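Quick notes on the structure that follows.
From a predicted model like this one, the values you see are computed outputs, not experimental measurements. In what follows, chains are A, B, ... by sequence order, proteins preceding strands, each numbered from 1.
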There are 2 protein chains.
Amino acid sequence: MSDRPVLQFWHEFASTYSYIAAMRVESAAAAHDVEIAWRPFLLGPIFGAQGLTDSPFNVFADKGRYMWRDMDRLCADYGLPFRKPSAFPRNGLLAARVAMVGMRDGWGPAYVRSVYTANFVEDHDITDAGVLAPMIMAAGGDPETAFRDAASDATKTALRRQTDEAQAKGVFGAPSFITADGELFWGHDRLDQALAWARKNHDQGK
Amino acid sequence: MSDRPVLQFWHEFASTYSYIAAMRVESAAAAHDVEIAWRPFLLGPIFGAQGLTDSPFNVFADKGRYMWRDMDRLCADYGLPFRKPSAFPRNGLLAARVAMVGMRDGWGPAYVRSVYTANFVEDHDITDAGVLAPMIMAAGGDPETAFRDAASDATKTALRRQTDEAQAKGVFGAPSFITADGELFWGHDRLDQALAWARKNHDQGK
């Protein structure tokens, strides 16, 4: 077992700020010597429980306009490419089921980054298996196996349970980070705070 | 005229994160050699236009629970005292009208910081003129004049126009910061980004 603290990284494929977090999380974690546990989940059921049937960025127009401008500025600051997708939010269900398989089989993180790049840089339709297949392969997976396992009851149930777990832990947006002692941090801009908390909590427990 | 860039600081007295921003804004601005233009306003009409009749932190329970925990952590990090008030949100209408007078007469910022401390540290009822009076005096104002002017049509109209201006500029939450070239930044955690933008824009315009 690793002696490094583990930080859970909860991400949803439709979430713009999850894109920034996904691209930054590994290097930031390395700087704190923290291990990242990737946790794909779905925001739809959680927003639904709040009475929202669409992204808050679509429901609240001013907030949405701000978010797109904010993404432009932040990505410029971080040196990340970004293009506002022609469809938002894109349903991340298939991509997330495949991600569950990828996390099990070791090619998850690279695949997840590719899906975010497809959605928020290349403006590709991530609900399309044909779009996902080459990304699975590039990350080291076998698309045929991945889609078969993604469609299994076991994977569907696992993703549903993971989303339930997020909700039970108080997650209400993405990205979110949860430390081993249960501290929740919301937003890509809390990544460093979450990593510092994970590191401090771990060192104090020694 | 000052040659320093000016950053507008839009704040609402019921807003927890505005408290953090109000306490940090002057020292952060000094570090960037930026001047702060304090802009009290009311979120109520803006939330109302979004269909919200209460604070989003009350409407969305998980988000509310997170916010209170986040405030505890952030204030500890910043060395700011903080106590969850027994009433939330407290109506900031009277306090904001008085703030308009204070900004006109030069005792505004000190008064504003006192009101935030009363609400979020001392758990005092900031809707009560008796609570505000000593804070006006401590900041260098005359309470009798302040309350008389705060109740005038001119002040009421000025605050309403300021709130309309916030909305017209895309403000949807507090605190918000707006640079001279119209860039909007939302959240106390964007204060440094906003100051850096204000400074850079100013220096490029020379």
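- Using a 4.5 Å heavy-atom cut-off against chain A, the contacting residues of residues 176-187 of chain B are B/Glu183, B/Leu184, B/Phe185, B/Trp186.
- Residues B/Phe172 and B/Phe47 approach most closely at O-CE2, 3.6 Å, considering heavy atoms.
- Of the charged side-chain nitrogens involved, at least one lies within less than 4.0 Å of a carboxylate oxygen, so that B/Asp203 and B/Arg199 count as a salt-bridged pair.
- Atom CZ of A/Arg104 sits in a crowded spot, with more than 12 heavy atoms from other residues, nucleotides or ligands closer than 6.0 Å.
- One finds no salt bridge joining A/Lys156 and A/Asp149 here, because no Lys/Arg side-chain nitrogen approaches an Asp/Glu carboxylate oxygen to under 4.0 Å.
- Here the closest heavy-atom approach between residue B/Ser15 and residue B/Tyr116 is recorded as O-CE2, 3.8 Å.
- With hydrogens and angles left out, the side-chain atoms of B/Asn91 and B/Thr127 include no donor and acceptor closer than 3.5 Å.
- Donor-acceptor pairing under 3.5 Å is lacking for the side chains of A/Trp10 and A/Glu165.
- Interface with chain A: from residues 62-71 of chain B, residues B/Asp62, B/Lys63, B/Tyr66, B/Arg69, B/Asp70 qualify, criterion being any non-hydrogen pair under 4.5 Å.
- Between the side chains of B/Thr117 and B/Ser114, no donor-acceptor pair of N or O atoms lies under 3.5 Å.
- Note: A/Met100 CE to A/Arg39 CZ = 8.0 Å, rounded to the nearest 0.5 Å.
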